[in-house]
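Each remark here refers to the structure printed beneath this line.
Read the numbers this way: they start at 1 and go in the same order the structure lists the ligands and their atoms. All values below come from the heavy atoms of this structure, side chains included, with hydrogens, waters and symmetry mates left out.
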Amino acid sequence: MKLHALLAAALLGLSATAPLAARPAMTNVYGRDCQSLNGKWAAIVDPYDQGVPKEIFLNRTPQNDTEFFEYAFEGGLRLEVPGDWNSQRPELEYYEGTVWYARHLVVGETVPQLPEGACVTPVAAPRDGERLFLYFGAVNYRCNVYLNGEKIAAHEGGFTPFEVEIGDRLHEGDNFLAVEVNNRRTPDAIPALAFDWWNYGGITRDVMLVRTPDRYIRDYFLHLDDDSDRRLRLDVELSEPAAGTEVALRIPELGVEETLRTDAQGRGSLTVDVRKLQLWAPEAPYLYDVELSYGGESLTDRIGFRRIAVDGTKVLVNGREVFLRSISFHEEIPQRRGRACTPADAQMLLSEVRALGANMVRLAHYPQNEHTVRMAEEMGILLWEEIPIWQGIDFSDAGTEDKAREMLREMIVRDRNRCAIGFWGVANETRPSEPRDAFLTRLLELGKSLDASRLYVAAFDNVYYKPGSDRFEMHDDFAQLLDVVAVNKYMGWYAPWPKDPSELRWEVCTDKPLMISEFGGEALYGQHGDPKRASSWSEEYQERLCADNLAMFANIPNLVGISPWILFDFRSPYRFHPVNQEGWNRKGLLSDRGLRKKAWYVIRDFYQAKREEQSRK
Ligand code: GCB
């Protein structure tokens, strides 16, 4: 399909949504009045999905001599939240199915009689004019929430937040909360049936009770205005339509004190000119304390301002050309063989990014937790964040498309105030077809309607070497719609070298910036062998492969950056080799214990040279 046909197909489909029109979870949850529900939760493993027919969410106990129930949350399994279940019990390592989580929310002063060992959180009753929400940072993959026996929420998608209001459903005394989590892979899911990472199940991110006023600021987006580096733009949406209400913006350091009035939909915008603005940049990650207030509520955040743009085949940050020295990691702590979920986990991953000399992370292959995103921003690390449209997606399924749109919306709304995010990724390794082109084109339109201040990117693996022309080429019309084209190319690993790497030329989307978003090969840490033999799985082979690829990249005229695959070895059921893999993808520059392989030094040296080159410019 050609470009104009792609756009026409998109217009015939779902229409673009106006900014702030969506209803994902409230923005900046950590800046609000939160009570953590993290900790041990009671759990029941339910591989045959019998929890619903047996109504275990009612948590009944025998009331007479004849009654009995074949379940109880007390006295059984306890799982840590946030966390995946796979790493908490050996018998759950490969488990894919349903697990029920439960805890009691006890409201008020009178402590009810609860079974011994029950997981309990005392909760202050919402006062008049106060609302209470139950917020999940992420649950992988499907989730149903039951409160006092009633199903109150459902969510699909393992990497984005959702919330449900519970204040008006709580009563004095014991309130029983049950969360049904299911991580079974299905063809209509995103990602779908098979993917190259561990399918960790569970409540994998923070769970919180969030208190807000009756009417509150649900969402906002504060950023540099499109037209000037001295003007800020704020868009706000209240929880309910309310015309003419005032929302105040304060940025003390800039002397900003402005007020906007909302329209009948409860939305409002303002622009404000500032005299002097220190822009955020990787080498100087400057953030401002920002306060938004409305009624009795005031929300604080730390927000940076920067401009990212494309000029021909270059990527500019604040008008300055940058070379993207990127690296990827999964949301995983390899040493623990489990999901990364805490600020300490984020610190571990990002300090290794720093040690490598990278200035960017491609968050593979899904939105990662907010701790990681916020910490990267504080550290001056640019981010590429993407939704898990990863190979094998059913692009002809309208339901799948709805899910993709929801995920994109939830990701963008959660993180668009984070200036570290320079790139929104919409897909990884998809192949041209009419349904794919139409689906992704519409998705891209939706993204741009929510946030036009970032660059949109997708990673392609359909770049091939053409022996006749002696060049690498790609034919994919969808790529033309993107700001930056990214290519995953495993020369020396999945594809043998056709000739000396330094002699290979690239002619791929030559009018656009091109990033190598993945390359690499596998090596087992501490294994030494023939640098010419892939099946040696040796550090020497991986080291040479990296050097060869760097030599080839010098021949890509529109290259704006590289992102080796990957920082750490990661767990993946894709990988069967009994000696060299054992269920691990071994392309890490660092081993599963965090030890540096020889290839790590090749990339570190390259990044150091690039950084010096950039600082001389
Ligand atoms: C890819 C995928 C990535 C895999 C990697 C590999 O192209 O995007 O998710 O892990 O290749 O190691 O094969």
*asked:* Under a 3.5 Å cutoff, is there a donor and acceptor pairing between the side chains of Arg586 and Ser572?
replied: no
*asked:* Let's go through Leu383 and Arg418 carefully: what are the C-alpha distance in whole Å and the side-chain angles of both, what is the deciding distance for side chain to side chain contact (heavy atoms under 4.5 Å, CB included) to 0.1 Å, and is it a yes or a no?
replied: CA-CA 9 Å; Leu383 295 173; Arg418 304 280 72 80; over 6 Å; no
*Can you list the residues that meet the ring pair (Phe, Tyr, Trp, His ring centres under 6.0 Å) rule with Phe136, with sequence neighbours excluded?*
Phe162
*Can you pull the residues with any heavy atom under 4.0 Å from ligand 1?*
Asp196, His365, Trp390, Asn428, Glu429, Asn488, Tyr490, Tyr494, Glu518, Trp565, Phe570, Arg575, Asn585, Lys587
*Using the six-membered ring wherever Trp is involved, compare the ring planes of Trp197 and Trp390 and label them parallel, tilted or perpendicular (cut-offs 30° and 60°).*
perpendicular
*Determine, for Tyr465 and Lys499, whether the Lys NZ or Arg CZ falls below 6.0 Å from the six-membered ring centre while staying within 45 degrees of the axis.*
no
*Check whether any side-chain heavy atom of Val139 lies under 4.5 Å from a side-chain heavy atom of Phe159, and answer yes or no.*
no
